[in-house]
Amino acid sequence: MLVTIIVPCYNEEAALPYFLEAIQKTEAEMSAAYGCGFELLFVNDGSKDGTLSVLRRFAKEMPNVRYLSFSRNFGKEAAMYAGLREARGDYVVIMDADLQHPPAMLPEMYEGLQSGEYECVAARRESRKGEPPIRSFFARCFYKLINRISDTEIVDGACDFRMMTRQMVDAIVSMGEYNRFSKGIFGWVGFRTKWLPYENVERVAGETKWSFWKLLLYSLQGIVGFSTVPLAIASVLGILLCVVSFLMVVYIIVKTLLFGDPVSGWPSLACMVMFMGGIQLLCMGILGQYLAKTYLETKHRPIYILAETDKENPDGTKTD
Ligand code: UDP
Ligand code: MG
């Protein structure tokens, strides 16, 4: 059994040595207990610090370390995709480099897959402790909303830290979409998933790459990628407004017939014009979002571009 551990890294120079130490300890324990082999696959996502040179050193010193290095920052989604494509293991793990995903959970994940009852064992955050309250609030709203408007199940608190069988990895790699939203993709491919609860821990070094704004855009990506309900909202709003305007016409005709027609009502008219304009722009915006994603998708651009990788022979051995 070979287990591949994919580690997306973006400016993780400070965290990597800690990560390597922790993962090697777990590796040793697990190969003693289960006799499985390990392959570490780091993906350097266009880091601006010394991450690449650290990875080069790791790969040189250790035979079971490989790395892929992108030509620029393509985002964590692209890094995970690249890792999954290049992984050779029977089981594949995705893990952050900052030790927020405890390696101590790997044995339990391994056993879950070995039992044959699951194709995926994933970690799930039980609480959002230590997170800014506003962020937790919006995160909760997002999960409620997306699960209501999407057929794909997107689990609240589920993270990318998971171990999957080769079968599931192949399924994910077969989804070559450009606008990637992993939480949705994991749910979409299906397979039996076991959830392991875990407590959020602070990152060991360096800092988070996710700002509130980035997360907001990411959540929009999730909605556009896994639901077409917003498109339907436009039509429903249109019908609703038609009905309302028809009632108003009837009301105005009756009123004019009964009470005559003194000139009044321009403020309400102004409000209505504004309101209609707003709704129309909103609907156009929604359409635009889908169109933009379709546009990017039809360009068939590669999801990432490799600049460098450790040299490897076809049989898996390395030459320097
Ligand atoms: N990451 C990446 N590309 C990016 C941003 C992040 O590969 O553009 C990696 C990062 O190096 C880390 C993981 O994704 O290993 C999670 O990032 P981070 O810890 O910043 O996110 P958080 O844990 O705060 O959600
Ligand atoms: Mg982190």
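Atoms within a ligand are numbered from 1 in the order they appear, just like the ligands themselves.
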So, Glu308 and Arg56, do they make that salt bridge, N to O below 4.0 Å? yes
Angle class for the Tyr304/Phe70 ring planes (parallel below 30°, perpendicular above 60°, tilted otherwise)? parallel
Tell me whether Glu61 is salt-bridged to Arg57, with the criterion being a basic N under 4.0 Å from an acidic carboxylate O. yes
Ionic contact status for Asp96 with Lys76, cut-off 4.0 Å: yes
Could you tell me which atoms of ligand 1, counted from 1 in the order shown, lie closer than 4.0 angstrom to a heavy atom of Asp96? 13 (C), 15 (O), 16 (C), 23 (O)
Every N, O or S from the protein that is nearer than 2.8 Å to the Mg ion (ligand 2): Asp98 OD2, Gln100 OE1
How far is atom 3 (N) of ligand 1 from the closest protein heavy atom, and which atom is that? Asp45 OD2, 2.6 Å
Co-membership, hydrophobic cluster, residues Met164 and Val7, 4.5 Å side-chain: no
Would you please test Lys255 and Tyr251 for side chain to side chain donor-acceptor pair (under 3.5 Å) and show each step? CA-CA 6 Å; Lys255 200 178 132 194; Tyr251 168 76; 4.5 Å; no
Before accepting this row, confirm whether a basic side-chain N of the pair Glu39/Arg88 lies closer than 4.0 Å to the acidic partner's carboxylate O. yes
Cys9 heavy atoms, cut-off 4.0 Å: which ligand 1 atoms fall inside? 7 (O), 11 (O)
Between Asn73 and ligand 1, find which residue part has any heavy-atom pair under 4.0 Å and reply side chain, backbone, both or neither. side chain
Considering the heavy atoms of Asp98, write down every atom of ligand 1 situated less than 4.0 Å from one of them. 19 (O), 23 (O)
With a 4.0 Å heavy-atom cut-off (strictly under), which part of Glu12 contacts ligand 1: side chain, backbone, both or neither? side chain
Tell me the protein heavy atom at minimum distance from atom 18 (P) of ligand 1, and give that distance in Å. Arg203 NH2, 3.4 Å
Parallel, tilted or perpendicular: which fits the ring planes of Phe161 and His101, with parallel below 30° and perpendicular above 60°? parallel
Under 4.0 Å, heavy atoms only, figure out whether ligand 1 is touched by the backbone of Pro8, its side chain, both or neither. both
Atoms of ligand 1 under 4.0 Å from any heavy atom of Gln100, numbered from 1 in the order shown, are 19 (O), 22 (P), 23 (O)
Is it the case that ligand 1 has an N or O less than 3.5 angstrom from some N or O of Lys214? no
Is Tyr198 reachable from Met95 through a run of I, L, V, M, F, W or Y residues, each pair having side-chain heavy atoms under 4.5 Å apart? yes
With heavy atoms of Gly75 as the reference, note each atom of ligand 1 found under 4.0 Å away. 3 (N), 8 (O)
Should Ala97 be counted as touching ligand 1, given the test is an N or O pair under 3.5 Å? yes
With clusters defined by side-chain heavy atoms of hydrophobic residues (ILVMFWY) lying less than 4.5 Å apart, directly or transitively, does Leu52 cluster with Phe74? no
Please work out which of the three classes, parallel, tilted or perpendicular, describes the rings of Phe142 and Phe181, given edges at 30° and 60°. perpendicular
